[in-house]
Amino acid sequence: MKTLALLAALAAAPVTAHADTLLLPKPLSGGTLHADSVDLSVYWTPVDGAAEVVAFYTDRPDANPARLALRLAEGEQVTFGLPGVTGTVYRFERAGEGVSVTSARTSTDLALN
């Protein structure tokens, strides 16, 4: 339940006009976003009619990258924050044949209690 509440709060959190977007137009295309102290490298592959998006990220130069993976069907999107990283939200969206990844600063820091 806390996860759903956090996701709803993230989706409703106001964001500033500053956002970076990475467009991945075809399978196996990839790229990197740099937001504040976080480096996020992303690629996607087609799996059972969906896009399996895989990202590796780190928030410190000396840290081992963490991995996240999710599947997006056509028209789906998800917005979330990374564990331990405040002030930035990420949105992964499947539209047409591609995937877009956006990072945006939030004007509100959220935390689980």
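Counting begins at 1 with the first residue of the sequence. Hydrogens, waters and symmetry mates play no part in the numbers below; they use all other heavy atoms, side chains included.
Side-chain contact annotation: S41 with T32, donor-acceptor N/O pair under 3.5 Å present.
Considering CG of D20 and OG1 of T88, their distance stands at 9.5 Å, rounded to 0.5 Å. We find the CG-CG distance between L72 and L70 to be 5.0 Å, quoted to the nearest 0.5 Å. In this structure, CG in L33 is found 5.0 Å from OG in S103, a value given to the nearest 0.5 Å. Rounding to the nearest 0.5 angstrom, the gap separating the CG atom in L22 from the OG1 atom in T102 is 8.5 Å.
Within the structure, salt bridge (charged side-chain N to carboxylate O under 4.0 Å, His left out) pairs that include any residue of residues 46-57 comprise D48-R71, E52-R71 (at least two apart or interchain). For residues 84-95, there are no salt bridge (charged side-chain N to carboxylate O under 4.0 Å, His left out) pairs, not counting sequence neighbours.
Using a 4.5 Å heavy-atom threshold, the side chains of D39 and Y57 count as separate. Counting heavy atoms from C-beta outward, L28 and T45 have side chains that approach closer than 4.5 Å.
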F80/F92 under ring-ring contact (aromatic ring centres under 6.0 Å, His included): CA gap, chis, key distance, verdict: CA-CA 9 Å; F80 58 92; F92 290 23; 5.3 Å; yes

Step-by-step side chain to side chain contact (heavy atoms under 4.5 Å, CB included) determination, T21 to V101: CA-CA 6 Å; T21 300; V101 180; over 6 Å; no

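Follow the hydrophobic side-chain contacts under 4.5 Å out from Y90 and you reach V78 in the same cluster. Residues V42 and L68 share a single hydrophobic cluster, defined by chaining ILVMFWY side chains whose heavy atoms lie under 4.5 Å apart.
By the 6.0 Å contact criterion, CD on E76 is enclosed, its count of non-hydrogen atoms from other residues, nucleotides or ligands being greater than 12.
Formation of a donor-acceptor pair under 3.5 Å by the W44 side chain with backbone atoms of L24 is found in this model.
The side-chain hydrogen bond (donor to acceptor under 3.5 Å, both in side chains) check on T58 picks up nothing, with sequence neighbours excluded.
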